[in-house]
2 protein chains.
Amino acid sequence: MLHVAEAARVSVATVSALINGTATVSPGLSQRIEQAIRDIGYKRNAIARSLKMGTTRTIGLTVPHITNPFFTDVVSVIQQAFDRAGYAVMLCCTDEDLNTQDDQIRLLLDRMVDGLIVARVGDGAILKRIVDDANVPVVLLDRVCEGVDTDAVVLDNQRAVFDAITHLIDLGHRRIGYISGSFDISPMHDRMTGYREALQAAGLPVESELVRFGNFHEVDGYNATMQLLSLHDRPSAIFSANNPMVIGTMKAIRDIGLSCPEDISVACFDDFPWSDVFQPQLTTVAQPVKAIGEQAANLLLDRLAGNRDAPPRKLTLKGRLMIRNSCRPLGAPLGAIAQSVSA
Amino acid sequence: MLHVAEAARVSVATVSALINGTATVSPGLSQRIEQAIRDIGYKRNAIARSLKMGTTRTIGLTVPHITNPFFTDVVSVIQQAFDRAGYAVMLCCTDEDLNTQDDQIRLLLDRMVDGLIVARVGDGAILKRIVDDANVPVVLLDRVCEGVDTDAVVLDNQRAVFDAITHLIDLGHRRIGYISGSFDISPMHDRMTGYREALQAAGLPVESELVRFGNFHEVDGYNATMQLLSLHDRPSAIFSANNPMVIGTMKAIRDIGLSCPEDISVACFDDFPWSDVFQPQLTTVAQPVKAIGEQAANLLLDRLAGNRDAPPRKLTLKGRLMIRNSCRPLGAPLGAIAQSVSA
DNA sequence: AGAGGGCGATGAAACGTTTCGAAAATGATG
DNA sequence: CATCATTTTCGAAACGTTTCATCGCCCTCT
């Protein structure tokens, strides 16, 4: 900018005024300055600007795993929304690890991000402390956190799983295996509650041998399914509480020599693009990923636009049960499967 | 830092020296300063530091679509690598749009990223200009760009497709449909070449009615497949040059009332995690995503470590044909499919 | 014609660091 | 004890912006 000012024989203040439109500058000088900018190929240094202005027009986004298709989609939507608004997005993946998450959030705050969208991991206490003394707005995504009073976008997980399990019960299933992630994040807790309540509402017992825990990865789903399938009285259906784990479930079913849905029905949380072109077509709980991402972005953009003092807003969206042919009616002949399928 | 200095009754220079370890400071002062840092809860402002140092420890990463599983995986690996190295990653998605890409790269450069990893889009001329006068190292990912002489990591696309098409020919297929992305990015060109050469090597004609173009999205694959399937003499196999488009292919096959592999064989570029748990299990060309991501990260990290003058390095990795049951031997009875499957 | 008002341009301070040369303190040596 | 060498500390400039108070100019009004 100094060079531009010299070339145009004006002061840097005038150049700044022209670039930002913060004051009127006469046509003559404007032209000289614009010419100088072109000649020199001047680009404003956003770092210096950030330092002076105290804002970076950059936000931080941390998710557990970008390869989990739910997060892939949400990240994609959020990225687009902020791109439109002229913000850059710094992406971090915590790999479900608490320390990694803390480090990354600190890294982001050091870099003076203007805001944060966090799909948290692990215990909320440290997150709370970090967020409290960071002076930027934070939006919690997918996973809320008691004690951390801030904007959030979540799914009605309990209801969604309730509906899914009820669907299985309606099909005649009585022993329904359930594979959960660990309880220290809210959705896993709520989903489990939905499972339990659906069984109770149907007058069925909640048997602990039918509930297994994993750490969100494919291998965890595999192991859990192996255990369920080797039970003395094995379940006729399995519900997996996230998407990567259901891959493990399908592999376990294949490896043990069973097939879905003939021998065992499967449903899971989170839809994915391939779900209705391959067999079996998985019955899933589809999250409204587009809405989730956009709402999260909007909440943060609203804070960034200056609406700092509004009370925390918590948006709860509804999941949608996508009924396909991976769950068969129990007792009905196999040919009846087709009838239970809806597009 | 000023506050810390005052609290510890030293100069800011001393505080800086202690924090960065750039000079020895006596035990007495060290203790006072550290105490003050704790008391005040001081965090170094990375923006101010960047301005002074001329480095942000942040890199820019642009890909066409993060929802394309190939890019999802590569982004994930790259992100991890830079996270380990203490760098932040700014992610942009160009949506295969040239102008978006230009805007985003400019945005990143304005923010003084230390380096750039680009899976480019469209014409390379503008990219070249941007990269030339940006003074940061650039690594091209997946898609090279003649005229842009810089580090790059790509796949041997030609060979990979050659192998895949040859596999189809070996199975007895003679009319093989091919769905390509547009030619202005190098891999699509090379993949097409592989297709053509495989046919020629087998003494088969290259028929233009069997080659269709799309813009990388599912809907393009759908339309292209519809066209191929309504040909007077329809192909017995279809190869789709990327992953999102093959979903469209499968949907078109389903919608038209055919089934794979009984009526038509399908293979495609890019593997995905579900490929061997659902039916049909797609025969794919798997890219070594982990290696691609890590090599790209390493090339850039090496430049960032100071190795600026080394000549451009171009790494070419090999794809791997994953033979599954979505391609059936022509002429053989259906039962023979199982024999053509390898784990 | 002189005063006042509005507009356009500018100089300089500030944002929070790092760094360099100089000053001060310390220790060793004659 | 004076001198010198060495170590530790510090003041101030610089990074590239934005912003505010000021200044000069021209126009208008009495």
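The analysis underlying the following values was restricted to heavy atoms, covering all of them including side chains, and did not include hydrogens, waters or symmetry mates. First the proteins, then the strands, lettered A, B, ... as listed; each starts at 1.
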Novice: Decide salt bridge (charged side-chain N to carboxylate O under 4.0 Å, His left out) for A/Lys128 and A/Asp132; before the verdict, give the C-alpha distance in whole Å, the side-chain angles of both, and the deciding distance to 0.1 Å.
Specialist: CA-CA 6 Å; A/Lys128 175 174 167 52; A/Asp132 278 352; 3.3 Å; yes
Novice: Can you give one letter per nucleotide of nucleotides 11-21 of chain D, going 5' to 3': B for a protein heavy atom under 4.0 Å from the base, S for sugar-phosphate only, - for none?
Specialist: B--BBBBBB--
Novice: Which part of the nucleic acid, if any, lies within reach of B/Ser26 when heavy atoms closer than 4.0 Å are counted: base, sugar-phosphate only, or nothing?
Specialist: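 Sugar-phosphate: the residue B/Ser26, judged by heavy atoms under 4.0 Å, touches backbone atoms but no base.
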Novice: In this structure, how many angstroms lie between the P atom of D/dC10 and the CG atom of B/Leu18, rounded?
Specialist: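 In whole Å, D/dC10 P lies 12 Å from B/Leu18 CG.
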Novice: Find the distance B/Leu29:CG to C/dA24:P and express it as a whole number of Å.
Specialist: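 One finds 17 Å between P of C/dA24 and CG of B/Leu29, rounded.
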Novice: For A/Thr58 and B/Arg111, test the side chains for any donor-to-acceptor distance below 3.5 angstrom and give the result as yes or no.
Specialist: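 Side chains of A/Thr58 and B/Arg111: pair found under 3.5 Å.
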Novice: With heavy-atom distances below 4.5 Å as the criterion, would you say the side chains of B/Gln104 and B/Val118 are in contact?
Specialist: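 No, every pair of side-chain atoms sits at 4.5 Å or beyond.
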Novice: Between B/Thr14 and D/dC10, is there a side-chain N or O to OP1/OP2 distance below 4.0 Å?
Specialist: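 So the side chain of B/Thr14 is within the cut-off, an N or O lying under 4.0 Å from OP1 or OP2 of D/dC10.
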Novice: Checking A/Gln287 now: which residues fulfil side chain to side chain donor-acceptor pair (under 3.5 Å) with it, not counting sequence neighbours?
Specialist: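 Per chain and number, A/Gln287 pairs via side chain to side chain donor-acceptor pair (under 3.5 Å) with A/Asp270.
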Novice: With B/Asp151 as reference, evaluate B/Leu140, B/Val139, B/Asp302 under the side chain to side chain contact (heavy atoms under 4.5 Å, CB included) test and give the passing residue.
Specialist: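 Among the candidates, only B/Val139 passes.
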Novice: For residues A/Thr67 and B/Asp73, determine if any side-chain heavy atom of one lies less than 4.5 Å from a side-chain heavy atom of the other.
Specialist: yes
